[in-house]
Structure formats: C-alpha cells, structure tokens
Amino acid sequence: MKEYTDNTFAVITGASQGLGKAFALELAKRKHNLILISLPKQNLNKLANLIETYYNVKVAYYETDFSSDANLKSLTSYLKEKYAINILINNAGTGGTKKIEDVSLNYINNIIQVNIKAITILTHQLLPNLKEQKKSYILNVSSIAAFSPLGYKTVYPASKAFVHSFSLGLSEELKNTNVSVSVINPGAMKTNPEITARIKKQGFLGKLTLLDPKKVAKYSIKKMFKRKAFIVINPMIWFISILLPNWIKIPMMTSIIKREA
C-alpha cells in the first residue's frame with residue numbers, strides 16, 4: 001500500500017472500473033494526485049501504477065468493502081491521518097434487478113449500506129479535512145432512477161433518491177464555506193460487460209440512453225470545478241423523467257426494466 005503525506009489528493013470510490021476509473025483518468029490529466037478506493041482483488045494496484053507513470057501524479061490506493069461499518073471507520077481514520085484531501089468523489093454503488101420477494105436480507109442491506117450509509121459516513125468523516133484546504137469539492141453520483149420509482153429495482157432508486165436529496169441539502173448547508181457539493185444523476189453506462197449486456201436487454205430505450213463513462217466524467221469534473229450543485233448529464237432523459245406523471249412513467253419504465261430480471 002503506497003502512502004504520501006504531502007500535497008492534496010482527490011479521493012475516488014469505486015475507482016477500479018467504469019465511471020470511477022474515468023474520474024481518476026480525468027483528474028490525473030488535470031494533474032491531481034489521487035487516492036483510488038475499490039473492493040479487493042480489482043487490480044487497483046496496476047491501475048494506480050499505470051496512472052502514476054503515465055500522468056506523472058501521485059497515486060495511492062486502498063482496497064476495502066463498504067458493506068462493513070468497521071471497514072468504513074478504518075478507511076476514514078486512515079485517510080484523515082495520512083492525507084490532505086481537497087476532492088471527494090462518492091462514486092461507489094451497487095444494485096440489481098430482481099423481484100423484492102426473491103432477494104435476501106443481505107441483498108437489501110448491501111444496497112442500503114453501500115449506496116446510503118457509506119456516502120454519508122465518508123462525507124461526514126472527511127468534511128473536516130476538506131474544510132482545511134483552500135478550495136474543496138464533493139461530487140456524489142446518484143442516478144436518473146432517483147426521479148422514478150421502479151419495479152424490480154425497488155430499493156436501488158430509493159437509495160439514489162437519498163443521494164440526490166442528501167447532496168443538494170449539503171450543498172445549501174455548505175454554500176458559504178470553501179467546500180462545494182455537486183451531484184450527478186446519470187443514466188445507464190458502459191461500466192463493465194455484464195452491466196452493458198444487461199442494459200441492452202432493455203431494448204431500444206436502453207441502447208439509446210447508454211452513456212460513455214469518459215464523457216460523463218469529463219463533463220462532471222468540469223461542472224464540479226464551477227461549483228455547480230446539480231449537474232444534468234442527459235437533459236432529454238432527465239426532462240422526460242420529470243415531466244411524465246407517475247401513472248405513465250412507473251409502469252412504462254418497470255416493463256422495460258423487467259427484461260433484465
């Protein structure tokens with residue numbers, strides 16, 4: 001495990017692939033030092049070494065599982081002790097497409113733990129560190145699902161609605177400080193082959209709304225540095241999700257999502 005104690009660092013969770021990896025590469029291009037965080041056995045060391053060599057920035061990494069409160073406490077204690085942090089990107093998340101009656105309690109708890117508790121604990125614990133820097137930024141990754149309840153994904157959209165609400169509330173609370181808070185609500189992304197294949201089962205709409213993580217990361221980082229609280233990634237889909245009444249939207253989206261189950 002590499003450690004650095006000088007200069008400021010950007011913390012990125014869920015950094016081993018997909019949008020998290022895209023965030024890391026985008027910030028490295030801008031010459032920001034990084035702390036990459038992901039689950040164990042995700043080849044994070046190789047990614048850290050590659051970014052460090054190619055972009056000539058400092059890259060540390062930390063492997064842990066957010067499904068444990070003890071792991072979150074260990075992580076935040078370690079980060080607070082070792083690093084000066086000026087960017088926190090809460091990207092890690094989990095979900096799935098299943099009937100609620102078919103899932104285990106562990107499945108439900110894991111979504112709540114990773115999507116809700118982890119982002120809250122990380123933000124709460126690292127905020128004092130962020131406030132010590134001249135300018136700091138928090139970027140939280142919600143989902144377009146935050147605006148529409150969905151059958152077969154019941155817990156996931158609710159968890160992302162929390163992220164959206166938490167982010168905008170915190171942004172207002174911290175608006176007169178050195179810390180800005182932003183939230184993005186992207187749709188489906190080509191994060192890995194399994195997720196991409198699952199989304200394509202949704203048919204035309206799924207393929208139409210599939211986003212490129214590199215483009216999402218570049219746009220989000222640009223808006224984050226402009227201290228934009230709510231960053232709209234896909235205006236058309238967001239507009240539809242807001243305008244359509246629930247009695248049309250929920251059955252329509254659930255019928256599409258059901259193809260994944």
Side-chain angles (χ1 to χ4, degrees), residues 11-20 37-42 44 62-79 88-126 140-170 183-189 191-202 206 241 246 249-261:
V11 173
I12 305 169
T13 69
S16 63
Q17 60 183 343
L19 184 58
I37 301 170
S38 81
L39 289 165
K41 299 179 181 180
Q42 299 287 310
L44 200 58
Y62 192 106
E63 298 178 333
T64 190
D65 186 344
F66 283 179
S67 65
S68 161
D69 281 350
N71 288 350
L72 286 168
K73 184 177 179 180
S74 295
L75 169 62
T76 54
S77 296
Y78 173 80
L79 293 176
L88 170 61
I89 298 182
N90 287 305
N91 167 70
T94 187
T97 307
K98 298 180 180 180
K99 289 182 178 181
I100 189 69
E101 62 194 272
D102 292 339
V103 303
S104 65
L105 287 177
N106 184 63
Y107 174 91
I108 294 171
N109 184 66
N110 195 48
I111 293 176
I112 294 171
Q113 177 75 24
V114 175
N115 293 3
I116 295 179
K117 289 188 70 177
I119 185 176
T120 308
I121 291 171
L122 283 170
T123 302
H124 176 265
Q125 290 295 297
L126 296 181
N140 294 330
V141 178
S142 179
S143 168
I144 198 69
F147 305 116
S148 177
L150 295 169
Y152 302 96
K153 281 186 177 291
T154 49
V155 184
Y156 176 79
S159 71
K160 289 302 185 177
F162 171 89
V163 173
H164 185 78
S165 176
F166 173 76
S167 302
L168 294 184
L170 188 63
V183 62
I184 63 172
N185 296 73
M189 274 182 288
T191 52
N192 62 52
E194 185 271 331
I195 290 177
T196 301
R198 194 177 72 208
I199 291 165
K200 286 182 177 179
K201 289 181 181 178
Q202 297 175 8
S241 69
N246 282 341
K249 177 173 58 180
I250 296 174
M252 180 183 72
M253 294 305 299
T254 297
S255 67
I256 293 171
I257 292 298
K258 187 178 180 180
R259 299 170 191 170
E260 291 183 32

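Predicted, not measured: the structure shown is a model, and the values here were computed from it.
Taking CG of N110 as the start and OG1 of T94 as the end, the distance is 5.0 Å to the nearest 0.5 Å. In this structure, OG1 on T120 lies 9.5 Å from CG on L170, to the nearest 0.5 angstrom. Separation of atoms OG1 (T154) and CD1 (I111) is listed at 7.5 Å; rounding is to 0.5 Å. The CZ atom of F166 sits 4.5 Å away from the OG1 atom of T123 when rounded to the nearest 0.5 Å. Atom CG of residue L72 and atom OG1 of residue T64 lie 7.0 Å apart, to the nearest 0.5 angstrom.
Not a single donor-acceptor pair under 3.5 Å links the side chain of Q125 to the backbone N or O of S77. The backbone N or O of L39 lies less than 3.5 Å from no partner atom in the side chain of D65, so there is not a single donor-acceptor pair. The backbone N or O of N91 lies less than 3.5 Å from a partner atom in the side chain of T13, making a donor-acceptor pair. Under the 3.5 Å distance criterion, the side-chain polar atoms of S159 are matched with a main-chain donor or acceptor of Y156.
Nearest heavy-atom pair across T254 and G151 is OG1-N, 3.0 Å. Of all non-hydrogen atoms in S67 and V114, the two that sit nearest each other are N-CG2, 4.3 Å. Heavy-atom minimum distance, A92 versus G14: CB-N, 3.8 Å. Across all non-hydrogen atoms, the minimal contact from V163 to N115 is CG2-O, 3.3 Å. Smallest separation of non-hydrogen atoms from K41 and E63: N-OE2, 4.0 Å.
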Chi angles and distances behind the side chain to side chain contact (heavy atoms under 4.5 Å, CB included) call for F66, N71: CA-CA 6 Å; F66 283 179; N71 288 350; 6.0 Å; no
Derivation of the side chain to side chain contact (heavy atoms under 4.5 Å, CB included) call for D69 and Q113: CA-CA 8 Å; D69 281 350; Q113 177 75 24; 2.8 Å; yes
Derivation and outcome, side chain to side chain contact (heavy atoms under 4.5 Å, CB included), residues K99 and Y152: CA-CA 5 Å; K99 289 182 178 181; Y152 302 96; 3.6 Å; yes
Verdict with supporting geometry, L19 and I184, side chain to side chain contact (heavy atoms under 4.5 Å, CB included): CA-CA 12 Å; L19 184 58; I184 63 172; 4.2 Å; yes
Under 3.5 Å, side-chain donor or acceptor atoms of residues 142-150 against the rest of the protein: list the pairs with distances, not counting sequence neighbours.
from: S142; atom 1: OG; to: K160; atom 2: O; distance (Å): 2.8
from: S142; atom 1: OG; to: N185; atom 2: ND2; distance (Å): 3.1
from: S143; atom 1: OG; to: A145; atom 2: N; distance (Å): 3.0

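I100 has its side chain within reach of V155: a pair of non-hydrogen atoms, C-beta onward, lies under 4.5 Å apart.
Residues satisfying the salt bridge (Lys or Arg N to Asp or Glu O under 4.0 Å) test with K249, not counting sequence neighbours, are none.
For the residue pair N106 / S104, no side-chain donor-acceptor distance below 3.5 Å is found, with atom types taken as modelled.
Partner of I37 under the side-chain contact (heavy atoms from CB on, under 4.5 Å) criterion, out of L44, L79, I12: L79 alone.
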